[in-house]
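Have a look at the structure below before the remarks.
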Protein chains: 2
Amino acid sequence: MTTKNATIKDVAREANVSVASVSRVLNGLGGVTPETQKIVREVAARLNYIPDNAARSLITGRTHTIGAVLPDLYGEFFSELIRGIDLAARARGLHLLVSSSHDGVADAAAAVRAMRGRVDGMLILSEYVDAAFLEQNLPEKLPAVLLDSPVKNTRYPVLNIDNRAGAIAMVRHLVEAGHQRVAFITGPKTNFDAQQREKGYRAAMAKYAPDAPLVIVDGDFTEESGYRAARELLARKPRPQAVFAANDMMAIGCLYAFKEAGIDVPGDIALAGFDDILIARYVTPPLSTVHVSIADLGRLALERLAALLNPTDKTPASVETLGCDIVIRESCGRKAGVTVAPTKPRRVSRPSPT
Amino acid sequence: MTTKNATIKDVAREANVSVASVSRVLNGLGGVTPETQKIVREVAARLNYIPDNAARSLITGRTHTIGAVLPDLYGEFFSELIRGIDLAARARGLHLLVSSSHDGVADAAAAVRAMRGRVDGMLILSEYVDAAFLEQNLPEKLPAVLLDSPVKNTRYPVLNIDNRAGAIAMVRHLVEAGHQRVAFITGPKTNFDAQQREKGYRAAMAKYAPDAPLVIVDGDFTEESGYRAARELLARKPRPQAVFAANDMMAIGCLYAFKEAGIDVPGDIALAGFDDILIARYVTPPLSTVHVSIADLGRLALERLAALLNPTDKTPASVETLGCDIVIRESCGRKAGVTVAPTKPRRVSRPSPT
DNA sequence: GTGAAAGCGCTAACAT
DNA sequence: ATGTTAGCGCTTTCAC
């Protein structure tokens, strides 16, 4: 227990070799006799030598760390996203530096800039980030992958969720199940996902139920806004036959509003959400929804980034899209049966590409 | 767009000052004329200069980053924990490096050692970590806080959840509500939380229902194991009057088993879980459970660590405990009413310290 | 107020 | 096979 950690010099001195040899041994570069290796390893172990990554990074220019810039760490979406990223990262020996909760462009910029010298590449999911932002704040030559972003034509790959196709598939299912008057509850106006989902609803209605009125009520992704929207919808004449909420929490809010009003789901009205959060399976009746494999999104993003980290990689930047599956449970009128224990969501159909 | 990022030297040259002055200006150390400051800032902005943290860390010995070593990133527990840590960290200008999913001591050791030079301190939650492990793998003088750990008497502070008190409070409530025969479903045998919860159950039964038999069935924290345990419990004679599962997912498994068997909850049997996961409020009937403020645990851990980072801090290492609250919902017999929309969990009582 | 210079701990030429 | 040495980009004495 001395006061300072052992450095490579200490190891070299104690082992009577040069620092270069210590470095070679510990990095497995070869060109060292087995005896020297043995001595070095022994001394390193005895001194409990742990290389300093800051020094190593400074000279190699590599940190083996990737940065994830996210707007928030709240909820299932982000925990799943981080999990997917983390899994893929550690499979590649990469560490994960997370940065979240940015309340504005300046905040996001600071976060991105603070990553300089800490990471080899970045995964960015932020409404504040566009091409100009990246130009301004991203260190030169630092690879980055954008998630869930409207940005295109930059030198950075973008990975999106196919919200539009997911919404179309769900509306189509609802209409084909006999519900012409499908109402929609929107998400926050500035949210990219929410916008795409609404577009999907509109497109699908135009195609599959061209004669039905478009009924759109505002929501903000909270359970409470769903509850309010449901009450508003119940007052409409004629009452919608189905309600499609832009996310599951709002759908759950609807569920409680309907229950309170004595409206049976799916008997009196069909209900569907979007996201397939864990809760969706556990409410009564279980909620039909659009499943997005968020962990896969994270994994794919990291894999894309890892490819970029390899300097020989010449994959051009592109906008890729991750498909969604609709999951039909009882809330939209699937034949109700005994709710049984542990079941996996059933993937009913795969939305066609748009 | 040249090929390389600007360094402090580039800024110095362009501004016709020394690197020392640039450093002083950009770090706000004063001792520089306003004119010089202005020039330096302008040039730095023009060259889009972003300081390299690796170099800075190397010389200052500070990274302004803390490392979180966790066993897994799956589920609400860890997402809440990370959220709490992250919130507290960014409030202090600290970055967060996460490392997870370690399948063994060696893996955990590698994770901890890999943090050297990357972090100023660590938050560790791992069943593999004990005093010897820390001695072996933690760089000298690197502050660390242990979470949810049986370790004591080390030079590291420990922060635990008061699982035992939480379990006692719940059993007490169940007994006082008229259920003498309270059965318990355990968690994984090696899990520290699970052990403490079982101890609490045993202690509470001895105290509040000394004449009732101890009925304990094995589970492993999964919904499926809860389902199986419930079926086993239904076969017992006499049938338990209440079931207390060591976590919510198992309680939910029970719920489905009971529903399937036509057993009414709470009419025929009372049910309670532990954790207060989000789902608990949404199942039918809503699940009574023991609430743990995981985000607070993360926040407190980080605050403790932040205090340690300050070299003047002389707070002695100690074992601190975070209390739990029981949340009584309908599953254990609260007067059933109309299930209304958005409600916050009601904290019914605070368990007495053990 | 400003600059020159000495490293922080490590890797990677380049010698030997 | 091994050692010497020059930095990586920055902060921080210590002179001036």
Side-chain angles (χ1 to χ4, degrees), chain A residues 3-40 43-44 47-64 113-120 139-142, chain B residues 3-40 43-44 47-64 113-120 139-142:
Chain A
T3 183
K4 208 84 184 61
N5 276 304
T7 72
I8 198 170
K9 274 189 186 166
D10 300 325
V11 177
R13 180 166 15 80
E14 290 283 313
N16 284 310
V17 296
S18 70
V19 291
S21 289
V22 176
S23 176
R24 282 191 271 255
V25 171
L26 268 27
N27 290 311
L29 296 180
V32 189
T33 58
E35 298 87 67
T36 311
Q37 291 208 26
K38 187 161 173 290
I39 296 176
V40 169
V43 174
L47 299 186
N48 196 13
Y49 169 66
I50 304 175
D52 185 305
N53 287 297
R56 198 197 287 243
S57 294
L58 184 55
I59 182 115
T60 61
R62 286 221 158 285
T63 61
H64 299 288
R113 300 173 78 95
M115 295 268 179
R116 161 93 200 262
R118 293 183 206 278
V119 302
D120 294 341
E140 295 289 326
K141 297 289 161 204
L142 190 62
Chain B
T3 181
K4 208 84 186 63
N5 277 304
T7 72
I8 197 171
K9 273 188 188 166
D10 300 325
V11 178
R13 181 166 14 79
E14 290 283 314
N16 283 312
V17 295
S18 71
V19 292
S21 290
V22 177
S23 176
R24 282 191 270 257
V25 172
L26 267 28
N27 290 311
L29 296 181
V32 188
T33 58
E35 299 87 67
T36 312
Q37 291 208 27
K38 186 159 174 291
I39 296 176
V40 169
V43 174
L47 299 186
N48 196 13
Y49 168 67
I50 305 174
D52 184 306
N53 287 297
R56 199 198 288 246
S57 294
L58 185 56
I59 184 112
T60 61
R62 285 218 158 288
T63 61
H64 298 289
R113 300 173 76 96
M115 296 268 179
R116 163 90 200 264
R118 294 184 205 278
V119 302
D120 294 341
E140 295 287 328
K141 300 286 161 207
L142 190 62

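Only this structure's heavy atoms are used, side chains among them; waters, hydrogens and symmetry mates stay out. Numbered from 1 within each chain, the chains take letters A, B, ... in sequence-line order.
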Practice prompt. Give B:Ser57 one of three labels, base, sugar-phosphate or nothing, depending on what nucleic acid heavy atoms sit under 4.0 Å from its own.
Written response: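 Touches nothing.
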
Using whole Å, what does the distance between atom [atom2] of nucleotide [N] and atom [atom1] of [X] come to?
X       : N      : atom1 : atom2 : result
B:Leu58 : D:dG7  : CG    : P     : 17 Å
A:Ile59 : D:dC10 : CD1   : P     : 15 Å
B:Asn53 : D:dC10 : CG    : P     : 10 Å
B:Arg62 : D:dG9  : CZ    : P     : 24 Å

Discussion item. Need two values: the first and the last nucleotide of DNA chain C, 5' to 3', having an atom under 4.0 Å from any heavy-atom of chain B.
Written reply: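 Contact span on the strand: C:dG1 to C:dG9.
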
Worksheet item: Would you say the side-chain atoms of A:Asp52 pair up with the backbone N or O of A:Ala54, donor to acceptor, closer than 3.5 Å?
Response: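 Yes; at least one donor-acceptor contact below 3.5 Å.
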
Worksheet entry | Donor-acceptor pair, side chain of B:Thr63 and main chain of B:Arg118, under 3.5 angstrom |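 Indeed, once roles are kept as given, a pair shorter than 3.5 Å links the two residues.
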
Item to complete: Answer yes or no: does a side-chain N or O of A:Thr36 lie under 4.0 Å from OP1 or OP2 of D:dT2?
Response: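 For D:dT2, OP1/OP2 do have a side-chain N/O of A:Thr36 under 4.0 Å.
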
Discussion item. Run the side-chain contact (heavy atoms from CB on, under 4.5 Å) test against A:Val19 and tell me which residues pass, sequence neighbours left out.
Written reply: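 Only A:Ile8, A:Lys9, A:Ala12 meet the side-chain contact (heavy atoms from CB on, under 4.5 Å) criterion with A:Val19.
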
Item to complete: Specify the residues of residues 14-31 of chain B, ordered by number, for which at least one heavy atom lies under 4.0 angstrom from an atom of DNA chain D.
Response: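 Heavy-atom cutoff 4.0 Å gives B:Ala20, B:Ser23, B:Asn27.
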
Fill in: Under 3.5 Å side-chain donor-acceptor pair for A:Asn27 and A:Ser23
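Indeed, the side chains of A:Asn27 and A:Ser23 share at least one donor-acceptor pair under 3.5 Å.
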
